[in-house]
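When a ligand or atom number is given, it counts from 1 through the structure's own listing order. As a basis for the values below, the full set of heavy atoms in this structure was taken, side chains included, without hydrogen atoms, waters or symmetry mates.
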Amino acid sequence: MDEIDQATVIESRLKEAARQIHAARYLTAFTGAGISVESGIPPFRGEGGIWNRYDPSILDLAVFMRHPERSWPVIKEMFTSFLGTEDRTPVAPNAAHRVLARWEKEGRLKSLITQNIDGLHEAAGSRTLVEFHGHCRSLTCLTCGRALPLTADTTAADIPRCPCGGLLKPDFVFFGEGIPPAALADSNDVASRTDCMILVGTSGVVYPAAAVPLLAKRNGAVVIEINPGPTEYTRRMVDVFLPMKAGEAFERLDEMVLSIAESRA
Ligand code: APR
């Protein structure tokens, strides 16, 4: 397909996606690391992926419990590159995060389920957030259960410990750790109400998170996917595939949804 045809195909898919988004009664979004790539945060898999640089087992709960001296240095290094780009400038939400937050404020987006722990949806103003893999705002003591804010101070020690002496663990979900029960229940509820779900920047390979869009589809939702390349979902269940980066796609969709709304006003 030559470039002109490709552009024409994408334009018609954008129009269809905007029509579905405008018509939705219960529009939701399901996001992964790819939505934050344009903010300077690397994805986990694929080009420039974090798991090309670190062994994922470092975030396995059993490994962390047995060898915190191995896991913590990597967690800290990931955090600095994760939560601040290589030159340590703080990362900021991009157009995709901002449009989703504004659609929520306008009452268009009913809920946002994210696998991300980078805090960019919250920074953009999203509040109806389901944080499926937890977050990194705090630490929990594995002995006494006390919660402490995750700051440079509370993580200054090589192996951060609670005043009780217990091991402190960041409140994002490790491999082999259960999903926070409230997040699991909320995401199932959201998926059952959804009549249009936008999948953004996820490879769809990590369960049980990856099952959320499948549940929405099974309940009859129209599924729109925004990702530069095809994923586990694309051929199986996606109604409108937008082979685009998140920031550009949301800028275009926002314009188109607005013009539909204005033409109906
Ligand atoms: N815009 C949209 N999507 C993008 C962009 C972009 N600019 N850049 C990359 N992507 C896509 C990639 O093509 C890929 O499909 O984002 C996806 C990122 O996939 P992963 O790195 O696997 O991230 P994710 O699906 O969120 O991983 C799920 O795995 O390691 C665990 O807990 C971690 O929550 C994470 C989970």
* Under 3.5 Å, N or O to N or O, is Ala246 touching ligand 1 that way? -> yes
query = Using the ring of each side chain (for Trp, its six-membered ring), is Phe30 parallel, tilted or perpendicular to Tyr233, with breaks at 30° and 60°?
reply = perpendicular
Quick note on ligand 1: atoms under 4.0 Å from a heavy atom of Ala33 include exactly 23 (O), 24 (P), 26 (O)
- Would you say the side chains of Thr128 and Ser111 form a donor-acceptor pair under 3.5 Å? no
### Query
Are Pro228 and ligand 1 in contact, using a heavy-atom cut-off of under 4.0 Å?
yes
Tell me, please: is Phe172 in heavy-atom contact with ligand 1, that is, under 4.0 Å?
no
Quick note on ligand 1: atoms under 4.0 Å from a heavy atom of Phe175 include exactly 30 (O), 31 (C)
protein heavy-atom neighbour closest to atom 32 (O) of ligand 1 works out as His133 ND1, 3.5 Å
Within the 4.0 Å heavy-atom cut-off, what Val206 brings close to ligand 1 is side chain
Near Pro43 (heavy-atom distance under 4.0 Å), the atoms of ligand 1 are 21 (O)
Quiz item: Under 3.5 Å between some N or O of ligand 1 and some N or O of Val37?
Solution: no
Within 4.0 Å of some non-hydrogen atom of Glu38, the atoms of ligand 1 are 1 (N), 6 (C), 7 (N)
Tightest non-hydrogen contact, residues Leu139 and Trp72, listed as CD2-CH2, 3.8 Å
Contact region, Lys245 to ligand 1, non-hydrogen atoms below 4.0 Å, reads both
Contact between ligand 1 and Phe132 is defined here as a heavy atom of the residue under 4.0 Å from a ligand atom; is it met? no
- Query: Is there a path from Leu27 to Val99 through hydrophobic residues (I, L, V, M, F, W, Y) whose side chains come within less than 4.5 Å of each other?
  - Reply: yes
Query raised in the report: Going by distance alone, is a donor N or O of one side chain under 3.5 Å from an acceptor N or O of the other, for Thr151 and Thr154?
Result: yes
Discussion item. With a sphere of 6.0 Å drawn around NZ of Lys245, does it hold more than 12 non-hydrogen atoms of other residues, nucleotides or ligands?
Written reply: no
Check whether the side chains of Thr114 and Glu131 place a donor and an acceptor atom closer than 3.5 Å, and report yes or no.
-> no
Quick check against the 3.5 Å criterion: does His135 have a side-chain atom that pairs as donor or acceptor with the backbone of Arg137? yes
(Q) Side chains of Gln115 and Thr31: any donor to acceptor distance under 3.5 Å? (A) no
Report task. Check if Asn227 has a non-hydrogen atom at a distance under 4.0 Å from any atom of ligand 1. Result -> yes
**Thr231, any N or O under 3.5 Å of ligand 1 N or O** = no
